[in-house]
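In what follows, chains are A, B, ... by sequence order, proteins preceding strands, each numbered from 1. Quantities reported herein were computed from a predicted structural model and do not represent experimental measurements.
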There are 4 protein chains.
Amino acid sequence: MKHSEIKQHIINTASDLFYANGYNATGINEIIAKAGIAKATLYNHFRTKDDICIAYLKYKHTYFMVALRNYIEGKPKGKFQLLGIFDFLKEFYKDPSFNGCWCIRTIAEIPAENVEIRNEIQNQKQELLSFLREVVTKNIQNLSNAEAEKITNGLYLLYESAVSESHLHQSDWPIFSARDVGAQLIA
Amino acid sequence: MKHSEIKQHIINTASDLFYANGYNATGINEIIAKAGIAKATLYNHFRTKDDICIAYLKYKHTYFMVALRNYIEGKPKGKFQLLGIFDFLKEFYKDPSFNGCWCIRTIAEIPAENVEIRNEIQNQKQELLSFLREVVTKNIQNLSNAEAEKITNGLYLLYESAVSESHLHQSDWPIFSARDVGAQLIA
Amino acid sequence: MKHSEIKQHIINTASDLFYANGYNATGINEIIAKAGIAKATLYNHFRTKDDICIAYLKYKHTYFMVALRNYIEGKPKGKFQLLGIFDFLKEFYKDPSFNGCWCIRTIAEIPAENVEIRNEIQNQKQELLSFLREVVTKNIQNLSNAEAEKITNGLYLLYESAVSESHLHQSDWPIFSARDVGAQLIA
Amino acid sequence: MKHSEIKQHIINTASDLFYANGYNATGINEIIAKAGIAKATLYNHFRTKDDICIAYLKYKHTYFMVALRNYIEGKPKGKFQLLGIFDFLKEFYKDPSFNGCWCIRTIAEIPAENVEIRNEIQNQKQELLSFLREVVTKNIQNLSNAEAEKITNGLYLLYESAVSESHLHQSDWPIFSARDVGAQLIA
DNA sequence: GATGAATGAGAGTTCATTCAT
DNA sequence: TATGAATGAACTCTCATTCAT
């Protein structure tokens, strides 16, 4: 295995564990055991556990944004693209590994003063907002900036709660409800 | 101090620490040091740390529901009661100790198999949903059951994301956006 | 309940627990919970946990010596009295609460410097030796002192290992073997 | 120090303490302090304290069986081999660290449901029985199986009580008495 | 570049005993 | 005399990280 492959292998392994069981609950020993590498090998690739956390967040986000973009761009223009994020979530929710939002989960586990991780999370959400703004402006004509902002923020908030609450209630009703309200929002 | 007073004193102390710094990040030693009691005293009142967690969640919830109910019932009927939860959150957000939703924060920290804490959290959210349903049916006439459910769920989801996202983005824009969408929902 | 009755009630309760689960494994809290008394009540009757231990040993011993004496005196003179201790043990072994010798069990749990408990245990064994010597001299005629001592010590040692080893191996073969050797010893 | 050396160093240290002061009375902190290692180092070598207990029992047993076998094989055939175990014990008893049988001591301290340790102890005693059976059949001609079994069990029981009782009474008379009875048994 | 044993600090929990009521 | 909440010390065990090889 090449250097960069090992690094990615560590990230994959850690991601599965962090996302499934939580950041604090997952120990370094568990990661190296599942990855099949030595402890110092891990520390040759990452300075601290927090660094692995950031790599995990970035990995999840990149993968997610690509999948989301592909999904929505594959839908017919209009309503199906605007509400595509909820339909995408319906698929995502069915995945047995679905466990809510990694950002929300992680931010709850780190101390408030950990700015590095907080920044990464905020940036990811800003990027999601940018993407949604793009989808909104592409699919609704003649919108004022204020209207675009309102709809974008609304869809974003509804999506975020649909993720959190479907996980919390262990049910998909929040996804359907969020989509309903979203449909009214873009009408 | 009486027995029950000490118990409440422990809950208060632990609540502040859990809510501010997280459940796993807060150790028993920190709680007893801040509460000024011996370790075994704490364990005379609570069987395990998880039991303190449940007491913390219940305490936060009880306090919150009373304050929310009082706030909304003090508003004029109609729009101001229906959107009152967002106005309440604006006040709540200004509190320097505001740190997002204790349920969402806690659920991210405990293992999936911890059913006792999960149940407590789900029950709290169900109670909030019940309260919102009550507000909706009291303030909007001639609603079908389906319409009442849709509006209730919508307000609930918007409120939940307003809490999470204002905390995540360290800004109150999600509260205003959520209120805007809520206003359209009940129009 | 009278003062002395409470004391005996504590001893009974503690004895069952000490004998079944061990001295160190049995906590004060377990004793008072099972006895249904307050903690300070226990400490009004006993200065320390070690004092309860001594009371437990004395209680077991007294009960045991009376039962053993009655059993042997109820047998026909000769072989049946001389080997009666093994037959008695066969009954004792069948008792579901049988758990080996309280002396051996207890001496393994206390520090070497605890002379009070050690003395009590040594005295109990001396008393058992005295009783056996009495049985031997009463049932075998024309014994020299040396012969009486040899047989007494032999029966004692065989009995002691029959207790220990039947418990250790969870089987009654040591009792039968010990009786066989004892039979040869008195032949 | 090599890895296996440290492990053996831990076993040696823990064995001395367990055997001298008891299993429950000896804390992890005492072991690491005397061994001069860090707590986590100990836990890198042993999963739990119970695992150290088993290593202690095995270590004692191995050392003991080798010494016993050498001692007996060094004696002239016949009576001196058959009763060699008692002569061996006389030497063993003189050792200032003599503190009775580690099996009997340990079994008194662990809960009944601890099968792992119980099994180890029962196996050790079975191995001692096998060895004694071997000595008996090698040194007495023309024995029926039943006779061999009777003598083996008798010697075993006498040896076991000689260990326990010399320790309990802090005197070597039980060893001499046991040898006397053993001599009669093989006569 | 890779290893894995060793670490110090800290985790949550339980103990026998005391003392104000 | 009886209570039971409060205590300090001790318990077993785990953590992320370092360093000699």
Side-chain angles (χ1 to χ4, degrees), chain A residues 1-3 6-7 23-33 36-53, chain B residues 1-7 10 23-32 35-53, chain C residues 1-3 6 23-33 37-53, chain D residues 1-7 10 23-32 35-53:
Chain A
M1 238 190 279
K2 272 189 297 182
H3 185 93
I6 291 196
K7 182 154 192 170
Y23 177 61
N24 286 317
T26 303
I28 291 286
N29 287 322
E30 203 178 347
I31 297 172
I32 61 165
I37 57 164
K39 197 172 284 191
T41 302
L42 184 146
Y43 277 94
N44 281 338
H45 289 275
F46 297 96
R47 227 173 22 88
T48 65
K49 194 189 177 194
D50 276 6
D51 281 5
I52 310 177
C53 184
Chain B
M1 234 192 282
K2 273 189 299 184
H3 186 212
S4 63
E5 287 173 342
I6 292 212
K7 182 155 192 168
I10 294 171
Y23 177 60
N24 287 315
T26 304
I28 291 286
N29 288 320
E30 202 177 348
I31 297 173
I32 62 166
I37 57 167
K39 201 173 280 195
T41 302
L42 183 146
Y43 277 94
N44 281 340
H45 289 274
F46 297 95
R47 227 171 25 85
T48 63
K49 195 191 177 194
D50 275 6
D51 280 6
I52 309 177
C53 183
Chain C
M1 237 192 280
K2 273 190 296 184
H3 185 93
I6 291 196
Y23 177 60
N24 286 316
T26 303
I28 291 287
N29 287 321
E30 201 177 349
I31 298 172
I32 61 166
I37 58 164
K39 196 171 284 191
T41 301
L42 183 146
Y43 276 94
N44 282 339
H45 289 275
F46 298 95
R47 225 169 28 81
T48 65
K49 195 189 176 193
D50 275 5
D51 282 5
I52 310 177
C53 184
Chain D
M1 233 190 282
K2 272 189 296 183
H3 186 211
S4 64
E5 287 174 343
I6 292 210
K7 182 154 193 169
I10 295 171
Y23 177 59
N24 287 316
T26 303
I28 291 287
N29 288 321
E30 201 176 347
I31 297 172
I32 61 165
I37 56 166
K39 199 173 284 191
T41 301
L42 184 146
Y43 277 95
N44 281 340
H45 288 274
F46 296 96
R47 228 172 23 86
T48 64
K49 194 190 177 192
D50 274 6
D51 280 6
I52 309 178
C53 184

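- As a whole-Å value, the separation of Ile32(B) CD1 from dA9(F) P is 12 Å.
- For Thr41(A) and dA2(E), the shortest distance from a side-chain N or O to OP1 or OP2 is not below 4.0 Å.
- Base pairing of dT12(F): its partner is dA11(E), meeting the Watson-Crick or G-U wobble criterion (both donor-acceptor distances under 3.5 Å).
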Could I get a table of every N or O pair under 3.5 Å where one atom is in the protein and the other is in nucleotides 9-13 of chain E?
residue	atom	partner	partner atom	Å
dG10(E)	O6	Lys39(D)	NZ	3.2
dA11(E)	OP2	Asn29(B)	ND2	2.6
dG12(E)	OP1	Lys49(B)	NZ	2.7
dG12(E)	OP2	Ile28(B)	N	2.6
dT13(E)	OP2	Tyr43(B)	OH	2.6
dT13(E)	OP2	Lys49(B)	N	2.9
dT13(E)	O5'	Tyr43(B)	OH	3.4
dT13(E)	O4	Lys39(B)	NZ	3.1

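- Donor-acceptor pairing under 3.5 Å, judged by distance alone, is absent between the side chain of Asn44(B) and the base of dA5(F).
- Side-chain contact between Ile52(D) and His45(D) is absent, with no heavy-atom pair separated by less than 4.5 Å.
- The closest side-chain heavy-atom distance from Tyr23(C) to Asp50(C) is below 4.5 Å.
- Considering CG of Leu42(B) and CD1 of Ile10(B), their distance stands at 4.5 Å, rounded to 0.5 Å.
- The structure places OG1 of Thr41(C) at 6.0 Å from CG of Asn44(C), a figure rounded to the nearest 0.5 Å.
- As rounded to whole Å, 16 Å separates atom C1' of dC15(F) from atom CG of Leu42(D).
- With a cut-off of 3.5 Å on both pairing distances, the Watson-Crick or G-U wobble partner of dT17(E) is dA6(F).
- No cation-pi contact links Lys49(B) to Tyr43(B), judged by a cut-off of 6.0 Å to the six-membered ring centre and 45° from its axis.
- We find that CZ of Phe46(D) is positioned 15 Å from P of dT12(F), with the value rounded to whole Å.
- Atom CD1 in Ile37(B) sits about 13 Å away from atom C1' in dG8(F), given to the nearest Å.
- Taking atom CD1 on Ile31(C) and atom C1' on dT17(E), their separation rounds to 13 Å, with Å as the unit.
- The nearest whole Å value for the distance from the NE2 atom in His45(B) to the P atom in dG4(F) is 14 Å.
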